[in-house]
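Proteins come first, then strands; the chains are lettered A, B, ... in the order of their sequence lines, and each starts at number 1.
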There are 2 protein chains.
Amino acid sequence: MPAREQNDECPEQGRSQRLYERLIAQIAEGDLLPGTKLPSERTLAKELGMSREMVRGALSRLAAGGYIQSAQGRASRLCNLMAPHLQLPLEGLGDDLEFQLQVMEIRALLEGECAWYAAQRASDAELAVLAEEYALMYERGKSETTLAKARADLRFHMLIAESSHNLLLISFSQLFYERYFNAIYGVLSRTLKRFGRYPEGIRGQHAEIHRAIQARDAEHARRIAREHILYTRALLAAE
Amino acid sequence: MPAREQNDECPEQGRSQRLYERLIAQIAEGDLLPGTKLPSERTLAKELGMSREMVRGALSRLAAGGYIQSAQGRASRLCNLMAPHLQLPLEGLGDDLEFQLQVMEIRALLEGECAWYAAQRASDAELAVLAEEYALMYERGKSETTLAKARADLRFHMLIAESSHNLLLISFSQLFYERYFNAIYGVLSRTLKRFGRYPEGIRGQHAEIHRAIQARDAEHARRIAREHILYTRALLAAE
DNA sequence: CTTAAACACTTGGTCAGACCAGTTTGCAGG
DNA sequence: CCTGCAAACTGGTCTGACCAAGTGTTTAAG
């Protein structure tokens, strides 16, 4: 059907503007994730059956509004819209036990909420990706460095956050994990030093979080995600 | 010189973006007036030696930001940027003498400031337009209706505001004159009914405002613009 | 075997020309 | 003087081409 055929829903708005608004909606619904690449202009134009110029117009306005960032020669990326407005404090306290415990308290809250929504909203494809990542994490966890273990853990939880389809949870998670990576890594180091390995309780809880999300048991996913962190917190606080 | 020649001032920014910022600057400096038409895309492209698509990109982002309004088939127009944020009250009190006097008090302030800046900043072309409008106003003032007289007066003062090159004065003037036209027209009606004609004092003051601006006497222009209104106000308040 | 350079590919930035569709303006005819 | 129509003007969209910056892969040299 020719591109100019009157088959568009909102004829009083142009095609470029409608694409702009559709992309905004996708961002708001957590379908376009901060940090990820957009399809190229040519790809979008072909998929949507419109000219590259109309796509460029929409993307150009998204860039002007701070939603995406584009530069010649590389793919456009979604921005974290919370980043300009949120400066999380105390990055330098990564080694402080008391502060590490506070970070864990926020993790418990954050990851509980993410798990709750992910259990409800994750698409089948997202669940598949989650399962794959969990399997990899489990498999590689036997031989990795502490640093690699910490990164894998956050990747797993970031995937859960992304499956929540809540842009605020996703954005905050990104900033939180990035800012407090040292504290989180410090927690893992401390734990491994204390027990010589991942305590069985923790390993089992990871498995249970994963199972609860795959089973779409929101209540259970949230509870176990919280307990997972608070359990580790309690172990460390006993020092 | 080919359009792609590296002769642009800010090479790290694209041509479309630089045009966007240049137009924003022109708006901010009161050089592109709310309510006026922009040159067409084709005209701008030709004058600036760039493609129509680059011009469209810049204008599209201006429209998205609320600076201009464009629609198919008609020229793009500059928006009054203050309009969405300012709701002037009490439009329905146009016949109320007390309120009319209040409106005159604000006119005195507003028109004094506009005259002060216009005397300093009007370009020679703007002074010429002002002279022409004044001559027309004087000439037609002998035979026009009260309504037409009121319109002509506000056109004259709006031109002075535009010559001030202060976007806030220009924007506010537009909104103020539009909102309170009935009160201003009521003042003129009341004055003409009281004295049978424009009081000589008022006519002479119009002339003096005009002379002061043409002579670039800012101090005098402001004083006489204020006195012009306050004189009329005093006449009416004596009722 | 490692590193650096070259090449190919991908991507955004810009251009020219054409066509579509909505609006405005001017002119002719009644 | 009013109305209708045609032409011109304007923004919206499209196609194809080219430029330039960045990325990834391959090859050659040390």
Would you jot down, in residue-number order, the residues of residues 35-47 of chain A having a non-hydrogen atom under 4.0 Å from DNA chain C?
A:S40, A:E41, A:R42

Considering only heavy atoms, which members of residues 68-75 of chain B lie under 4.0 Å from some atom of DNA chain C?
B:Q72, B:G73, B:R74

Determine which pairs satisfy side chain to side chain donor-acceptor pair (under 3.5 Å) with at least one residue from residues 47-60 of chain A, sequence neighbours left out, and list them in order.
A:E41-A:R52, A:E41-A:R56, A:S60-B:R61

C:dC15 phosphate, OP1 or OP2, under 4.0 Å from B:R15 side-chain N/O
yes

Side-chain N or O of A:S76 closer than 4.0 Å to phosphate OP1/OP2 of C:dG12:
yes

Let me have the donor-acceptor pairs involving side chains of residues 63-77 of chain B, under 3.5 Å, with sequence neighbours excluded, atom names and distances please.
{"from": "B:R77", "atom 1": "NH1", "to": "B:G35", "atom 2": "O", "distance (Å)": "2.4"}

Can you tell me the distance, in whole Å, between the [atom1] atom of [X] and the [atom2] atom of [N]?
X	N	atom1	atom2	value
A:Y20	D:dG12	OH	P	16 Å
A:Q13	D:dT13	CD	C1'	16 Å
B:E53	C:dG13	CD	C1'	9 Å

Give a yes or no on whether a donor-acceptor pair under 3.5 Å exists between the nucleobase atoms of C:dG17, that is its base, and the side chain of B:R52.
no

Check the orientation of B:F156 and B:H206. Use parallel for under 30°, tilted for 30 to 60°, and perpendicular for over 60°.
perpendicular

Students often mix this up, so state it plainly: with edges at 30° and 60°, are the rings of B:F176 and B:Y180 parallel, tilted or perpendicular?
perpendicular

Just wondering, more than 12 heavy atoms not from [X] lying within 6.0 Å of its [atom1]?
X	atom1	result
B:E132	CD	no
A:Q26	CD	yes
A:D31	CG	yes

Examine distances only and state if a side-chain atom of A:Q120 and a backbone atom of A:W116 form a donor-acceptor pair shorter than 3.5 Å.
yes

Using side-chain hydrogen bond (donor to acceptor under 3.5 Å, both in side chains) as the criterion, list what pairs up with B:Y177, not counting sequence neighbours.
B:E111

Which heavy-atom pair separates A:S171 from A:N80 by the least distance, and what is that distance?
O-ND2, 3.1 Å

For DNA chain D, find the residues of residues 54-64 of chain B with a heavy-atom distance under 4.0 Å and give them by number; none if there aren't any.
B:R56

B:D124 with B:R216: basic N within carboxylate O range, under 4.0 Å:
yes

